[in-house]
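Start at 1 and go down the list; that is how both ligands and their atoms are numbered.
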Amino acid sequence: MFKLLSTANPKIQKGTKLGYLSFILHLAPADLSGKETCPKRTVGCTAACLNTAGRGGMFKRGENTNMIQKARIRKTQYFFNNRAEFMVDLANDIKKAIKFAERKGLTPVFRLNGTSDLSWEKYTVVEGFNIFEMFPNVQFYDYTKVLGRKVSQYPNYHLTFSKADGNDSDVAEALMQGMSVVAVYDAIPAGVPSADETDLRFLDPKGIMLGLKAKGRAKKDYSGFVIRLKETA
Ligand code: SF4
């Protein structure tokens, strides 16, 4: 039904209890497609990327790719090779998603960097309008490791900063700027709100630290990307 977006992520579906339906765009992270989609990725986050969580990380014996990974690479190459058409398809998917969610009595919300870290504010859809300007009444949200993105003029786009191995000074700066920060833990400590409960980060208070539990390859990460409180290598 949708060319680019999906709703298949279990955490995304938890948001429906609060009346929201999240639509997510999964591109190929890092340079898996031959083009870079994560300009501030770290060694640890690249190796442990959420790209390998859930069905995206299930490979047949002896294989190192699957249909999901191939689809993400295909979409990413489409984005880089045919940007204008890609952005129109994305806008059309968003229109369809709005109707889809409304039929279910839910509020549609959109996360375009499911497994990438692109600065969507820079990409024009039509006549100088980016995707946030095209849909000013729709809520968009993302996690990012790119500090200083120029998004304050888009009240419908919420960013949460993402801690990784070696970006502590950016984390401190993000908190100073009033952003919330999410870190990945082997076990989320008491007192740290869980970002696994829902994906609806735009509902969070400003400037807080949140925890995500390590998933996929991140469970075996000892680079410093995952904060290990239970065990060490
Ligand atoms: S964790 Fe984020 S920044 Fe790192 S490779 Fe994956 S999508 Fe890119």
Is any NZ, NE, NH1 or NH2 atom of the basic residue among Lys40 and Asp170 found under 4.0 Å from an Asp or Glu carboxylate oxygen of the other?
no
Check each heavy atom of Lys145 against ligand 1 and say whether those closer than 4.0 Å belong to the side chain, the backbone, both or neither.
side chain
N, O or S of Cys38 under 2.8 Å from atom 4 (Fe) of ligand 1
no
Indicate whether any N or O donor in one side chain lies under 3.5 Å from an N or O acceptor in the other, for Asp199 and Ser22.
no
Residue part near ligand 1, for Ser116, under 4.0 Å between non-hydrogen atoms:
backbone
At a 4.0 Å threshold, what atoms of ligand 1 neighbour a non-hydrogen atom of Cys49?
1 (S), 5 (S), 6 (Fe), 7 (S)
Pick one: which of Tyr141, Phe23, Phe202 meets side chain to side chain contact (heavy atoms under 4.5 Å, CB included) with Arg111?
Tyr141
Is Arg41 salt-bridged to Asp165, going by a charged N under 4.0 Å from an acidic O?
no
